[in-house]
Amino acid sequence: MQQYRTHTCSELRKTDIDKNVYLAGWIHSRRDHGGVLFIDLRDNYGLTQVVVYPAVAFLDEVSRLPKETVIRFGGKVAFRSEENVNPKLPTGEIEVVADSFEVLGTCDALPLNVFPEDDAPEDLRLTYRFLDLRRSKLHQNIMLRSDVIASMRRRMWDLGFKEFQTPILTSSSPEGARDYLVPSRIHPGKFYALPQAPQQFKQLLMISGFDRYFQIAPCFRDEDARADRSPGEFYQLDIEMSFVNQDDIFKVVESLIHGIFAEFSKKTMDAPPFVRIPFRESMIKYGTDKPDLRIPIEMRDCTAIFAQSGFKVFRGAIETGAVVRAIPVKGIAKNPRNFFDKMVDHATTIGAKGLAYLQWLDAGVKGPLLKFLTPEEVKSIEALCGVGLGDVVFFICDTPQTTNKLSGELRVKLGKDLGMIDPDAFKFCWIVDFPMYEWDEENKCVAFSHNPFSMPQGGMEALSSKQPLDILAYQYDIVCNGIELSSGAIRNHQPEIMYRAFEIAGYPKETVDERFGAMINAFKLGAPPHGGIAPGVDRIVMLLADEQNIREIIAFPMNQRAQDLMMNAPATVTQKQLRELHIKVVEHS
RNA sequence: GGGCUGGUAGUUCAGCUGGUUAGAACGCCGGCCUGUCAAGCCGGAGGUCACGAGUUCGAGCCUCGUCCAGCCCGCCA
């Protein structure tokens with residue numbers, strides 16, 4: 001076997017002058033002066049300039065090799081005179097004078113440039129992902145991902161956690177997202193499901209007494225994509241701990257998350273403990289359970305003020321269950337009329353019935369809304385929103401759910417348009433006290449709002465005495481810059497509370513036994529109190545790489561329509577395969 | 001399933017109020033060139049203006065439909 005190289009393309013320095021070396025890599029770029037030829041040779045580690053002089057017989061042959069040809073050069077490391085040093089490269093003080101070469105891999109015309117890194121259509125990038133991955137930005141992102149995952153593992157081991165594997169072929173669970181199903185050959189008509197998360201397995205490992213579990217776990221959910229949500233599969237740093245309360249978990253996760261972010265990013269961030277915001281408060285202040293705290297706008301519930309006011313549009317709506325949300329913004333009262341028109345326009349585009357506002361100007365309070373309000377009511381708004389001269393308050397009035405959605409969107413829109421978002425900051429928070437149940441409008445019933453295995457706050461007592469929709473759960477999310485990084489809970493490990501919790505959501509005891517048999521049996525045979533969380537690996541890397549799209553930190557992502565354009569998945573299979581799996585494809589009418 | 005934005009050379013884009021032969025840059029091909037590092041200079045090839053229909057004397061541009069892409073809503077316990 002020949003030795004392909006003596007050094008990598010980022011290794012050679014002035015101290016290596018006169019050494020005879022071999023370098024192997026891709027032809028990154030070429031500068032052909034007719035007499036002398038410069039080639040930047042690239043590998044995973046960097047670039048080195050190779051010079052080919054007319055003295056060698058192969059100058060002409062090498063000058064014809066296309067970019068991205070894989071080649072090995074032999075030669076001597078040479079000093080570059082001062083004016084020829086390239087300060088942009090770590091190897092810029094030297095060059096390799098070629099005395100031999102060998103093509104290791106030829107290259108045809110490229111469908112997209114590796115260098116320079118011009119914008120290219122995403123479908124082309126995905127079809128030729130191996131070329132895209134050669135490009136510096138994506139290559140660095142994937143290396144960062146590897147380093148982040150290595151750091152996660154190291155930190156988890158240091159915190160006393162053990163790593164486990166759990167099954168990929170498992171059974172479908174009735175709650176949650178759509179499953180990916182895998183037909184069974186041996187059992188006609190039966191299906192495995194790919195795990196949406198190793199939720200039940202990690203709880204069972206706690207019941208098995210392993211105390212501290214983690215796994216870089218693949219999760220499969222058949223749901224539609226978003227910019228921060230890859231279709232099909234994604235990875236979680238799955239964590240579970242025994243004999244812990246919520247604060248114990250927060251402490252571990254804060255140390256882990258802050259450690260990772262501080263290790264891999266120069267952006268500013270608050271030290272732990274992270275701010276904790278109850279779910280209901282978050283919905284009012286930010287209109288969402290994943291607030292971007294970089295935006296310094298806190299909204300207020302103004303329903304009480306308008307319920308009594310002379311503004312009939314709001315008062316009438318409030319009488320039929322609407323709420324009014326105030327969006328106070330500092331220092332923009334003097335913005336031109338055009339700005340306010342555009343905001344109103346945008347509000348109606350996203351579905352608002354309108355967008356009222358008040359401006360606090362030198363000449364007094366102004367705005368389309370003013371004539372309907374008494375001076376006392378304006379004072380109340382001032383006090384509630386903490387506004388004064390130079391400030392503006394926008395108002396949204398709609399059903400509680402729609403108000404949250406619209407005001408939350410407008411808050412982000414204002415933050416972006418007004419340049420309020422610090423691009424060099426990470427703002428973390430915990431969202432806590434999620435409701436255990438919510439009203440399912442589609443099926444007109446009480447449903448679990450998050451994980452059905454979460455422990456209700458107040459336990460059996462709360463389940464028996466409170467209105468279902470008032471019961472809170474030990475359920476929490478960690479949020480960074482408006483992106484939900486992680487969701488977790490203290491689990492319900494007591495079978496009686498479990499049966500009762502499911503009963504409220506409409507599942508009789510028999511159904512629980514049937515669908516969660518393994519879990520409920522385990523809970524009856526000595527289950528420790530336990531809880532956990534599962535930070536999204538992809539989203540963490542996305543934030544650290546400062547990418548707006550999750551596909552930029554995944555080596556081989558699917559497109560928005562859940563297709564792998566490179567491997568051509570999904571694809572049809574042979575009749576033989578279908579027969580073996582007892583599957584018949586029927587046309588949809 | 002729905003909404004928004006877009007689709008012009010291999011790629012990124014320009015293309016005026018509908019008007020002659022649809023342009024530029026990068027890339028590609030050929031030539032020149034001994035110190036570049038975004039090398040330079042000269043020349044060349046490359047277009048079903050996403051597709052279909054309509055309006056018009058005339059459509060890249062206007063209208064309708066279809067397809068495709070991105071982003072969003074729904075969905076994501």
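Letters A, B, ... are given to chains in the order of the sequence lines, protein chains preceding strands, and every chain is numbered from 1. Remember, it's a predicted structure, so these values are computed and weren't measured experimentally. What you see below is based on every heavy atom in this structure, not just the backbone, and it leaves out hydrogens, waters and symmetry mates.
Rounded to whole Å, the separation between the P atoms of U8(B) and C61(B) comes to 13 Å. For C32(B) and U11(B), the C1' atoms lie 27 Å apart once the distance is rounded to whole Å. On the C1' atoms, G43(B) is 23 Å away from U34(B), given to the nearest whole Å. When the C1' atom is used for both C4(B) and G23(B), the distance is 30 Å, rounded to whole Å. Spacing between U12(B) and G54(B) at atom C1', rounded to whole Å, works out to 33 Å. Here, U5(B) and C41(B) have their P atoms 41 Å apart, quoted to the whole Å. Taking atom P in both U63(B) and G19(B), the straight-line distance is 15 Å, to the nearest Å. The C1' atoms of G40(B) and C33(B) are separated by 8 Å, rounded to the nearest whole Å.
No hydrogens or angles were tested; on distance alone, a donor-acceptor pair under 3.5 Å links the side chain of Asp224(A) to the base of G74(B). Between the base of C76(B) and the side chain of Arg229(A) there is a donor-acceptor pair shorter than 3.5 Å.
Note: Phe502(A) and Tyr507(A) have perpendicular aromatic rings, judged against thresholds of 30 and 60 degrees for the angle between ring planes. Ring geometry for Trp430(A) against Tyr476(A) counts as perpendicular: the plane angle is over 60°, on a 0 to 90° scale with 30° as the lower cut.
Counting any heavy atom pair closer than 4.0 Å across all strands shown, Glu95(A) reaches a base atom. At a threshold of 4.0 angstrom between heavy atoms, the contacts of Ala109(A) with the nucleic acid are absent. Nucleic acid contact class of Ser487(A) (heavy atoms, under 4.0 Å, all strands): none. Within the nucleic acid shown, Glu122(A) comes within 4.0 Å of sugar-phosphate atoms alone, with no base atom in reach, counting heavy atoms only.
You'll find the ring centres of Phe523(A) and His493(A) outside the 6.0 Å limit. For an aromatic pair to be called close, the ring centres must be under 6.0 Å apart, and Phe38(A) with His33(A) satisfies this. Proximity of the aromatic rings of Phe220(A) and Phe234(A) is defined here by a centroid distance below 6.0 angstrom, and this criterion is not met. Between Phe101(A) and Phe58(A), the distance separating the two ring centers is shorter than 6.0 angstrom.
For the segment residues 551-561 of chain A, residues with any heavy atom less than 4.0 angstrom from an atom of RNA chain B are, sorted by number, Arg551(A), Asn559(A), Gln560(A), Arg561(A).
Residue Lys137(A) qualifies as enclosed at atom NZ: its count of foreign heavy atoms under 6.0 Å is above 12. Heavy-atom contacts from other residues, nucleotides or ligands closer than 6.0 Å to CG of Asp341(A) number more than 12. No more than 12 heavy-atom neighbours from other residues, nucleotides or ligands sit within 6.0 angstrom of OH on Tyr45(A).
A residue-by-residue look at Asn113(A) and Leu126(A) shows that Asn113(A) has its nearest nucleotide of RNA chain B further toward the 5' end. Each of Lys405(A) and Pro66(A) has a nearest nucleotide on RNA chain B; the 5'-most of these lies closest to Pro66(A).
When the options Lys353(A), Arg325(A), Lys405(A) are evaluated for a side-chain hydrogen bond (donor to acceptor under 3.5 Å, both in side chains) with Asp398(A), the one that passes is Lys353(A).
Between Ile350(A) atom CD1 and C73(B) atom C1' the separation is 11 Å, expressed in whole Å. Leu406(A) places its CG atom 11 Å from the P atom of G74(B), with the value rounded to the nearest Å.
One finds a side-chain N or O of Asn549(A) lying less than 4.0 angstrom from the OP1 or OP2 phosphate oxygen of C71(B). Phosphate proximity of U36(B) to Arg80(A): absent, as no side-chain N or O sits under 4.0 Å from OP1 or OP2.
At least one cation-pi condition fails for Lys202(A) and Tyr213(A): the charged atom is not both under 6.0 angstrom from the six-membered ring centre and inside a 45 degree cone around its axis.
Side chain of Asp564(A) to main chain of Ala569(A): no donor-acceptor pair is present (N/O by atom type, distance under 3.5 Å, no hydrogens or angles). For the pair Gln196(A) (side chain) and Ala177(A) (backbone), a donor-acceptor distance under 3.5 Å is present.
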**Q.** Base-pairing string, 5' to 3', of RNA chain B - Watson-Crick or wobble, under 3.5 Å, | interstrand
**A.** (((((((..((((.....[...)))).(((((.......))))).....(((((..]....))))))))))))....
Distances under 3.5 Å between protein N/O atoms and the N/O atoms of nucleotides 38-44 of chain B, please, pair by pair.
from: A38(B); atom 1: OP2; to: Lys88(A); atom 2: NZ; distance (Å): 2.5
from: A39(B); atom 1: N6; to: Asp32(A); atom 2: O; distance (Å): 2.4
from: A39(B); atom 1: N1; to: His33(A); atom 2: ND1; distance (Å): 3.4

